[in-house]
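In what follows, a structure is listed as structure tokens, so that the remarks can point back to it.
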Amino acid sequence: MILEPSRAELAARRERLLAELAGMGAPVACLFAPLYVLYLTGFAFIPTERPLALVLTAAGATILFVPRLEQEHAEALADVGRVVSYPEYPGEVHPMVQLAGLLIESGAAGGLAADSDGYGGGFGYRGGRLSDLLPDVSVVKIGATIDRLMAVKSPEEIALLRESARWGDLAHALLQRHTAPGVAEIEVSERASREATAQMLAELGPGYRPHGWMSAGAHAGYRGQIGAHSAVPHALITNAIIRPGDVLVTGATAGMAGYYSELERTLIVAPVSPDAARFFGLMRDMQAAALDALRPGRRCADVDRVVRRFFAEHDLLPYWRHHTGHSIGPGVPNHQAPYLDVGDDTEIVPGMVFSIEPGIYVPGLGGFRHSDTVLVTASSAEPLTTYPRDLERLTIG
């Protein structure tokens, strides 16, 4: 069983990126995004006001530039050749000034590829831009290139997503089992997540690594999508009390070395109203149409057009809120490019993994959305999440 990407896997990812750099005339790359650092080195960290960057060179050097408090952490876990640390932010010499010197030392005068013009920051961070610190260096943006490489999953990545889906399915089963009228959403979510995580740890053992800093193990919950409030697609936890007749939208996943599958279902607490049953059925048919449209050789936009057409043909346009889905990979949240959206013309190829989650949102009644993590195969699409989808098995009571 694969519990995290192998060093051979990480090296292969970097080799693919270096091959792209060779055609860009940029012998050095500088990457700030925590997601890219994780993808290329296996190093997960807490991003704060302290800049952290990965430097790659055409000669094969891999350097992780970190604040001093991350040095031992990086040396132990990052698959890099060298770790360079600076004392602290903002410090007597700003970290970005020190990074600029490291980039020149690494050969960036001959051309630099970067995912952004500087560290993204947050937490009150203020810092210089690469374009200001290295005004004579030609900088090529490379974020879209890395996104394209990340979109097609390796066998190891698919194995990690399968394992995440397996434990997400269990957490969801426990969530549904413990859900009942009169129970608060936090109570049922914490109970299901705790029980699923205990089973997960018992089976996977001490080698399990979630690579998360806010949560670990398996999780299932409602995130405030209770009753009429489930018509808000990105609601927040309210600790609502579950009532008879409520439409509930769930979410379940499990962290596996930074990879998170996505499982969502619409549950309905009995009694099921005729309107709720009708919208549930339409949502199921819509998702089935999207799953059928997800095929290699088609475009991401094609899948979303199928869903948009379904909305129009069934007079559902007032209840449309978002595109059909997104690529899934490492990181939280796991929304990544490409997107199943009419504006994304990316070709669908085997190895891509998407969420398929068209939703119907009816004010005053509730939201109706199933989401599955789906792998594009050589000829079709394979759901990695396998939880039941029919109303009979998703009715509470």
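- Annotation for Pro330 and Tyr39: closest pair CG-CD1, 4.5 Å, computed over non-hydrogen atoms.
- Under 3.5 Å, the side chains of Thr250 and His172 contain a donor-acceptor pair of N or O atoms.
- Comment: Glu9 engages Arg13 in a salt bridge, judged by a side-chain N to carboxylate O separation of less than 4.0 angstrom.
- Side-chain atoms of Ser380 and Arg295, non-hydrogen and from C-beta on, do get closer than 4.5 Å to each other.
- Every side chain to side chain contact (heavy atoms under 4.5 Å, CB included) that Glu382 has, sequence neighbours left out, goes to Arg162, Leu375, Thr377, Leu384.
- Taking the six-membered ring for Trp and thresholds of 30 and 60 degrees, His335 and His234 have ring planes more than 60 degrees apart, a perpendicular arrangement.
- Here the shortest heavy-atom pairing between Gln225 and Ala235 reads CG-CB, 4.0 Å.
- With sequence neighbours excluded, no residue satisfies side chain to side chain donor-acceptor pair (under 3.5 Å) with Ser327.
- A search for side chain to side chain contact (heavy atoms under 4.5 Å, CB included) contacts involving Ala196 returns Leu170, Ala171, Leu174, Ala218, not counting sequence neighbours.
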Q. Leu21 and Ile142: side chain to side chain contact (heavy atoms under 4.5 Å, CB included), yes or no, with the steps?
A. CA-CA 9 Å; Leu21 290 178; Ile142 199 174; 3.2 Å; yes

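- With ring centers used as reference points, His322 lies under 6.0 Å from Tyr361.
- Evaluation of the side chain to side chain donor-acceptor pair (under 3.5 Å) rule for Asp372 yields Arg265, Gln287, Thr385, Arg389 as partners, not counting sequence neighbours.
- Residues Tyr86 and His94 place their aromatic rings such that the two centres sit no closer than 6.0 Å.
- For the pair Thr395 (side chain) and Leu391 (backbone), a donor-acceptor distance under 3.5 Å is present.
- Put simply, the side chain of Asp115 gets close to the backbone of Phe32: a donor and an acceptor are under 3.5 Å apart.
- Annotation: side chain of Glu264 is not in contact with side chain of His370 (no heavy-atom distance under 4.5 Å).
- Residue pairs meeting the salt bridge (Lys or Arg N to Asp or Glu O under 4.0 Å) criterion with at least one member in residues 222-248, sequence neighbours excluded, do not occur.
- Sorted by first and then second residue, the side-chain hydrogen bond (donor to acceptor under 3.5 Å, both in side chains) pairs with a member in residues 269-285 form an empty list; sequence neighbours excluded.
- With sequence neighbours excluded, the residues satisfying side chain to side chain donor-acceptor pair (under 3.5 Å) with Asp117 are Ser131.
- The two residues Asp344 and Cys300 have their closest heavy-atom pair at O-CB, 3.4 Å.
- Under the side chain to side chain contact (heavy atoms under 4.5 Å, CB included) criterion, Glu105 pairs with Arg82, Leu102, sequence neighbours left out.
- Of all heavy-atom pairs between Phe279 and Leu316, the closest is CE2-CD2, 3.9 Å.
- Under the 3.5 Å distance criterion, with hydrogens and angles disregarded, no donor-acceptor pair is assigned to the side chains of Ser85 and Glu70.
- For Arg177, the CZ atom counts as loosely surrounded, since its 6.0 Å shell holds 12 or fewer non-hydrogen atoms of other residues, nucleotides or ligands.
- The side-chain heavy atoms of Pro87 and Gln98, taken from C-beta on, include a pair separated by under 4.5 Å.
- For residues 330-342, no residue pair satisfies the salt bridge (Lys or Arg N to Asp or Glu O under 4.0 Å) rule, not counting sequence neighbours.
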Q: Any chance you could lay out the side chain to side chain donor-acceptor pair (under 3.5 Å) test for Asp147 and Tyr36, step after step, and finish with the verdict?
A: CA-CA 9 Å; Asp147 289 341; Tyr36 297 158; 2.8 Å; yes

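- Looking at Leu99, Val80, Val84 one by one, the single match for side-chain contact (heavy atoms from CB on, under 4.5 Å) with Val55 turns out to be Leu99.
- Residues satisfying the salt bridge (charged side-chain N to carboxylate O under 4.0 Å, His left out) criterion with Glu190, sequence neighbours excluded, are absent altogether.
- A salt bridge links Arg166 with Glu203: the closest approach of a Lys/Arg side-chain nitrogen to an acidic carboxylate oxygen falls below 4.0 angstrom.
- Between Arg393 and Asp390 there is a salt bridge, since a side-chain N of the basic residue sits under 4.0 Å from a carboxylate O of the acidic one.
- A donor-acceptor contact closer than 3.5 angstrom is absent between the side chains of Glu187 and His178.
- Smallest separation of non-hydrogen atoms from Ala100 and Leu133: CB-CB, 4.0 Å.
- Checked against the 6.0 Å centroid criterion, the rings of Tyr319 and Phe368 do not qualify as a close aromatic pair.
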Q: Determine, stepwise, if the pair Asp132 / Arg129 fulfils salt bridge (charged side-chain N to carboxylate O under 4.0 Å, His left out).
A: CA-CA 5 Å; Asp132 294 329; Arg129 299 179 298 176; 3.0 Å; yes

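- Taking Arg148 as the reference, Glu20 meet the side chain to side chain donor-acceptor pair (under 3.5 Å) condition, with sequence neighbours excluded.
- Inter-residue side-chain proximity for Leu10 and Arg14 is flagged as met; some heavy-atom pair is nearer than 4.5 Å.
- Counting only heavy atoms from C-beta outward, the side chains of Leu52 and Leu64 approach each other to under 4.5 Å.
- Atom CZ in Phe311 sits 5.5 Å away from atom CD1 in Ile360 (nearest 0.5 Å).
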Could you pull out all donor-acceptor pairs under 3.5 Å where a side-chain atom in residues 41-48 meets a protein atom, sequence neighbours excluded?
residue, atom, partner, partner atom, Å
Thr41, OG1, Val37, O, 2.7
Thr41, OG1, Phe43, N, 3.1
Thr48, OG1, Arg50, N, 3.2
Thr48, OG1, Arg50, NH1, 3.4

